[in-house]
Amino acid sequence: MRSASLCLFTVVCSLSCSQKAHCKTTDSFACQAHATPAESDAQGLFKRAGTKDPVTVKVTFTNSDTDCTGVPLEINVMNGQLVHVTIKADGFDCVTTQTRAAAPSAITPTDIIALISKGLTVGFDGGHGATPTPKDFYLDSGRNVALTASISCTNSKRTLKQDIKVTYQNPPPVAVSAGVLIGTSHIRSYGISTAQTGITGGVATTQNAVAVTGSPTVQFIPFSYFNLYWCGTRKLNLNGQLGIGVNPNLSSPRVEFFASPLALAWHDLYLSPGFHLGQHENLSGGFTVGENTASSLSKIPIHWDYYTGFGFSLSYNLKPLVKGGSSPPASAKK
């Protein structure tokens, strides 16, 4: 029985590589797949497609004393991004098989036709005893597809394997997020206050008056947002933003709106200053603040008006594009 070893899998996340995953090792770095982005986050913020500079993926098998299967490397890149793969496996013949499937989200009819015409398998033909393929190559680029490159390196005694899954996909045209709107307009709510005026015959006497019952300087309002993708990557992008929410800070809940031409999304967290179209209440019926009212009057007559103020949105994508967490460790074959 051959001894087992654990494989380290490290993905460096940046503009083109939107996932982090780590596989801890206790004895050796037998299998290692490492991705380096083509550029920084800031360089890709105003782009809508992949860059001419490739994302580089290095696959290294450093321990040939045991069979090893590395933890699959999964990265997300923009449509059309070049991905360059190099394999280091001295003394081994390697075969790489590339397979394609539709990306997780919906694709256009044109994409479907292109996928059918391309076929399910492209690139190198794999299999036991197949002709060795290059150890330095580019993956077939794509648009709205998930491409898996399965690498198998063998010699007379050992088999080393590593899968690389690349999802070619831009952020969707519209994303929905939920969070809060921070409103800075000074809004008042009105009601009736009751004050004790004295004691008559051992019974307290009171007087009702018109009063301000709420006057927050900052409001936190639950909001939902539609985010319209402008440019950038799945990790960092710019959007337009439209929002709708119900303000619970008033004497009765009211529907309000938000709009911003520019929202920054970072790791699926949307941040944006913009215009808050809210509602505020005004006294009607000739009443004024501080005016005494009859005890029979239980509610002050008001009317509602819209106003435009400044707001700041904070929300999170309901269908996250950037996945975090760790991949479970994978043991080498025995």
Side-chain angles (χ1 to χ4, degrees), residues 11-20 35-55 74-83 103-108 110-111 141-146 166-184 220-245 256-278 308-324:
V11 182
V12 174
C13 299
S14 182
L15 167 76
S16 300
C17 307
S18 63
Q19 284 189 280
K20 290 181 179 179
T36 302
E39 58 185 8
S40 68
D41 292 346
Q43 289 173 320
L45 183 58
F46 299 98
K47 297 180 179 179
R48 293 179 60 91
T51 65
K52 294 181 179 179
D53 295 330
V55 173
E74 296 187 17
I75 60 176
N76 289 283
V77 300
M78 299 290 282
N79 285 332
Q81 175 65 51
L82 293 175
V83 179
S105 61
I107 59 177
T108 65
T110 302
D111 298 325
S141 185
R143 182 174 185 272
N144 294 327
V145 297
V166 181
T167 300
Y168 297 89
Q169 192 174 55
N170 291 351
V174 180
V176 179
S177 60
V180 297
L181 173 69
I182 303 173
T184 59
F220 293 88
I221 309 167
F223 253 74
S224 296
Y225 301 93
F226 295 95
N227 305 283
L228 311 177
Y229 169 71
W230 297 145
C231 59
T233 68
R234 296 170 72 85
K235 181 180 176 184
L236 185 68
N237 54 74
L238 295 175
N239 302 261
Q241 194 171 70
L242 299 172
I244 184 172
E256 299 184 347
F257 305 93
F258 176 80
S260 173
L262 204 62
L264 177 67
W266 177 76
H267 281 268
D268 292 301
L269 180 68
Y270 292 87
L271 306 168
S272 177
F275 301 99
H276 175 203
L277 182 61
T308 301
F310 176 80
F312 188 85
S313 70
L314 176 66
S315 62
Y316 190 76
N317 196 341
L318 294 181
K319 187 178 180 181
L321 303 177
V322 181
K323 299 178 182 178

To check you understand the geometry: which heavy-atom pair defines the closest contact between F258 and G311, and what is its length? CE1-O, 3.8 Å

Is the closest side-chain heavy-atom distance between Y229 and N237 below 4.5 Å? yes

Got a sec, which residues hit side chain to side chain contact (heavy atoms under 4.5 Å, CB included) with A146, two or more places apart in sequence or on another chain? K165, T167

Would you tabulate the side-chain donor-acceptor contacts of residues 170-184 under 3.5 Å, counting partners in other chains and residues two or more places apart, or write 'none'?
from, atom 1, to, atom 2, distance (Å)
N170, OD1, N79, N, 3.0
N170, ND2, R48, O, 2.9
S177, OG, N227, ND2, 2.9
S177, OG, S315, OG, 2.8
T184, OG1, F310, O, 3.1

Between D53 and E39, is any pair of side-chain heavy atoms under 4.5 Å apart? no

Is the closest side-chain heavy-atom distance between I221 and H276 below 4.5 Å? yes

With side chains defined as the heavy atoms from C-beta onward, is the minimum distance between L277 and T308 less than 4.5 Å? yes

Taking side chain to side chain donor-acceptor pair (under 3.5 Å) as the test, write out the residues that go with S224, two or more places apart. none

Please report the interatomic distance OH(Y270) to CG(N317), rounded to the nearest 0.5 Å. 4.0 Å

Please tell me if the side chains of Y168 and S141 come closer than 4.5 Å, counting only heavy atoms from C-beta onward. yes

Closest non-hydrogen atom pair, Q81 against A38: NE2-CB, 4.0 Å

Tell me, do L264 and L236 make a side-chain contact under 4.5 Å, heavy atoms counted? yes

Heavy-atom closest pair (L269 atom, L314 atom, distance to 0.1 Å) is CD1-CD1, 3.8 Å

Just how far is it from atom CG of L262 to atom CG of L271, taken to the nearest 0.5 Å? 11.5 Å

Does L242 have any side chain to side chain contact (heavy atoms under 4.5 Å, CB included) partners at least two apart in sequence or in another chain, and if so, which? A259

Does atom OH (Y316) have a neighbourhood of more than 12 heavy atoms from anything else shown, all under 6.0 Å? yes

Set of ring pair (Phe, Tyr, Trp, His ring centres under 6.0 Å) partners for F223, sequence neighbours left out: Y225

Work out which heavy atom in S272 is nearest to a heavy atom in A263; give both atom names and the distance. CB-CB, 3.5 Å

